[in-house]
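A quick write-up on the structure given underneath.
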Amino acid sequence: MTSVEARGAEFVEVDVAGLQDGQMTRVDVAGRRVLVARVDGEYHAIDSECTHERAFLDEGALMGNVVYCPLHYSAFDVRTGDVLGPPADRSTARYAVRVVDGRVMVSTRASAAGADEADGGGESAAGGDAGGGAVRTMPAAHPRTLHARVVDAVDALPWLERLAAATMRAVAPWRKRLAPTGLLDLLHGKPLGHALHPALSDLPIGLWAGSMLLYFVGWGGPAALLSACGIAAALAAALTGGADWTVTDGHERRVGLLHGMVMVVALLVQCGSFAAFLTGQTVLAVVLSVVSLAVTLGAAYLGGHLVLGRGAMVDHAVRPDAARVWRRALPESELAEGATVPADVDGRKVLLHRSGDLISAMEAACSHAGAPLALGGICDGVVTCPWHDSRFRLRDGAVLRGPATFPQPTLDVRVSEGWIEVRPSAPPNRERE
């Protein structure tokens with residue numbers, strides 16, 4: 001192995017002979033297992049060990065610039081090391097790459113994901129000397145808003161990660177037992193076509209706010225009634241929120257657990273307010289009502305971050321363009337009987353599956369969390385998501401099992417001049433062309 005010094009960092013030659021575009025391999029650099037991938041003619045290197053659990057990314061699947069862990073399908077960008085999909089929520093290290101006189105050289109010094117190194121990080125090239133004339137770019141700066149500071153402080157609590165992991169281990173067997181019964185689909189909101197928890201979570205806030213106002217104007221009886229109704233609504237919201245929480249990972253899992261814990265506190269305080277009124281302690285009932293509503297609003301702040309800031313339980317499927325134009329996806333010869341192949345169409349992934357004379361096509365990003373359906377199993381015309389086990393019918397994208405609540409977009413398919421071509425399906429209320 002040859003090595004060179006470059007601006008304070010040592011680069012060593014690695015053997016990637018025969019590595020074609022769209023392929024990756026494992027190399028050893030300074031005692032570290034490193035993944036080297038070739039994407040669009042350029043070489044990139046990242047630490048091969050998944051940041052979620054001990055598994056090696058070079059044994060996984062490379063799709064475009066994304067490598068998927070073979071153990072739990074965590075996704076990483078091989079160009080930057082950035083984590084793109086759960087359950088991992090920490091990026092992996094990257095290594096600067098140079099090509100000198102046809103030799104691929106990898107830095108022995110790792111850098112943070114996405115960062116440029118002063119010694120030439122990011123100067124990956126397919127050929128020629130990468131030194132000299134390189135243009136360095138500054139990493140993107142992110143404003144430190146009050147919201148970002150609050151959420152980051154919550155996310156950094158060490159005990160929260162431990163508690164979230166322990167709680168998930170405890171509830172995972174129950175989820176596995178309940179999944180076939182359809183109860184979880186009901187709690188996720190599958191019959192409604194969208195998540196049920198956000199709708200139910202508004203009820204306690206409105207009912208408890210109304211209860212507090214009625215207490216202030218001296219209508220104790222109606223106030224207590226609204227308080228009781230809010231308690232019932234909060235219990236229903238807790239069931240649906242708990243079901244949704246069992247299919248979260250990383251940041252969403254930690255913040256979601258704290259959101260639930262704060263809501264439990266608000267619920268208990270509201271129960272205390274209701275009990276105080278029943279025992280004739282009206283002043284205490286009013287005080288506890290105010291405290292409960294304040295705590296509820298704090299929990300709602302975290303819940304709003306999960307839904308609006310992180311897209312929990314919203315539709316993550318990539319929607320095709322409205323124009324119903326046929327576009328080439330894949331040569332017909334490359335889709336064998338029973339095979340499932342992801343194809344690039346206008347910069348997005350489309351899942352193609354062949355069963356006899358029937359070719360099915362759907363958007364390849366799962367509507368629940370954006371997982372790559374191409375890595376999931378297919379049986380009897382149904383594809384199962386590799387991340388959270390949502391099931392979709394290939395012929396029409398219907399959700400057969402959650403946690404997904406939104407159907408998967410499907411596409412029309414035809415074979416023309418040896419190519420498989422796809423276009424967006426017509427809306428249900430329009431006749432097919």
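Worth saying up front: this structure is predicted, and the values here are computed from it rather than measured.
Here the side chain of Glu10 pairs no donor or acceptor atom with the backbone of Arg109 at under 3.5 angstrom. Formation of a donor-acceptor pair under 3.5 Å by the His353 side chain with backbone atoms of Ala339 is found in this model. Judged by distance alone, the side chain of Arg354 and the main-chain N or O of Ile359 form no donor-acceptor pair under 3.5 Å. Distance alone, capped at 3.5 Å, places no donor-acceptor pair between the Asn65 side chain and the Val78 backbone. Not one N or O on the side chain of Ser48 forms a donor-acceptor pair closer than 3.5 Å with the backbone of Val34. Side-chain atoms of Glu421 do not come within 3.5 Å of backbone N or O of Arg328 as any donor-acceptor pair. For Gln408 (side chain) and Glu363 (main-chain N/O), a donor-acceptor pair under 3.5 Å exists by modelled atom type. Remark: side-chain polar atoms of Ser91 are paired, donor with acceptor, to backbone N or O of Val83 under 3.5 angstrom. Judged purely by atom type and a 3.5 angstrom limit, Ser292 has no side-chain atom pairing as donor or acceptor with the backbone of Ser289.
Val295 is not listed as a side-chain neighbour of Val269, based on a closest heavy-atom distance of 4.5 Å or more. Taking 4.5 Å as the limit, some side-chain heavy atom of Leu352 sits within range of a side-chain heavy atom of Val422. Side-chain contact check for Thr108 versus Tyr95: every heavy-atom pair is 4.5 Å or farther apart. Looking at heavy atoms from C-beta onward, Ile46 lies in side-chain contact with Val67 at the 4.5 angstrom threshold. Using a 4.5 Å cut-off on side-chain heavy atoms (C-beta onward), Phe76 and Leu35 make no contact. Thr410 places none of its side-chain heavy atoms less than 4.5 Å from the side chain of Phe392. Here the side chains of His388 and Arg175 are not in contact, with every heavy-atom distance at 4.5 Å or above. The closest side-chain heavy-atom distance from Pro407 to Arg393 is not below 4.5 Å.
Listed here is the closest heavy atom pair of Ser367 and Phe406: OG-O, 2.7 Å. Nearest heavy-atom pair, Thr246 versus Val171, reported as atom, atom and distance to 0.1 Å: CG2-CG2, 4.0 Å. The minimum heavy-atom distance between Gly402 and Asp185, with the atom names listed, is N-OD1, 2.7 Å. Leu57 and Pro70 get closest at one heavy-atom pair: CA-CD, 4.4 Å. Residues Leu373 and Cys366 come closest through the heavy atom pair CD2-CB, 3.8 Å. Minimum heavy-atom separation, Val341 to Leu335: CG2-CD1, 3.6 Å.
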Apply the test side chain to side chain contact (heavy atoms under 4.5 Å, CB included) to residues Arg26 and Phe56: give CA-CA distance (whole Å), side-chain angles for both, the deciding distance (0.1 Å), then the verdict.
-> CA-CA 9 Å; Arg26 169 235 176 126; Phe56 296 113; over 6 Å; no
Side chain to side chain donor-acceptor pair (under 3.5 Å) between Thr92 and Glu49: does it pass, once the steps are laid out?
-> CA-CA 8 Å; Thr92 189; Glu49 188 170 326; over 6 Å; no
Could you go step by step and tell me if Leu187 and Leu196 meet the side chain to side chain contact (heavy atoms under 4.5 Å, CB included) rule?
-> CA-CA 7 Å; Leu187 294 176; Leu196 180 57; 5.8 Å; no
For Arg401 and Val382, what are the C-alpha separation, side-chain angles and deciding distance, and is it a side chain to side chain contact (heavy atoms under 4.5 Å, CB included)?
-> CA-CA 10 Å; Arg401 179 187 294 182; Val382 176; over 6 Å; no
Criterion side chain to side chain contact (heavy atoms under 4.5 Å, CB included) on Val399 and Thr405, from CA distance to verdict | CA-CA 7 Å; Val399 180; Thr405 58; over 6 Å; no
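Other residues, nucleotides and ligands contribute over 12 non-hydrogen atoms within 6.0 Å of the CH2 atom of Trp326.
The pair Asp344-Lys349 counts as a salt bridge, with a side-chain nitrogen and a carboxylate oxygen less than 4.0 angstrom apart. Between Arg32 and Asp47 there is a salt bridge, since a side-chain N of the basic residue sits under 4.0 Å from a carboxylate O of the acidic one.
The distance from atom CG of Asp380 to atom CG of Leu394, rounded to the nearest 0.5 Å, is 10.5 Å. Rounded to the nearest 0.5 angstrom, Ile378 CD1 and Arg391 CZ are separated by 13.0 Å. The distance from atom CG of Asp412 to atom CZ of Arg423, rounded to the nearest 0.5 Å, is 5.0 Å. Note that CG of Leu306 and CH2 of Trp245 are 12.0 Å apart. Values are rounded to the nearest 0.5 Å. Ile231 contributes atom CD1, which lies 8.0 Å from atom OG of Ser273 (distance to the nearest 0.5 angstrom). Rounding to the nearest 0.5 Å gives a distance of 10.5 Å between CG of Leu375 and OG1 of Thr340.
A cation-pi arrangement is absent between Arg162 and Trp159, since the terminal nitrogen or guanidinium carbon is not both under 6.0 Å from the aromatic centre and inside a 45° cone about the axis.
Partners of His197 by ring-ring contact (aromatic ring centres under 6.0 Å, His included), not counting sequence neighbours: none found. Here Asp202 pairs with nothing under the side chain to side chain donor-acceptor pair (under 3.5 Å) rule; sequence neighbours left out.
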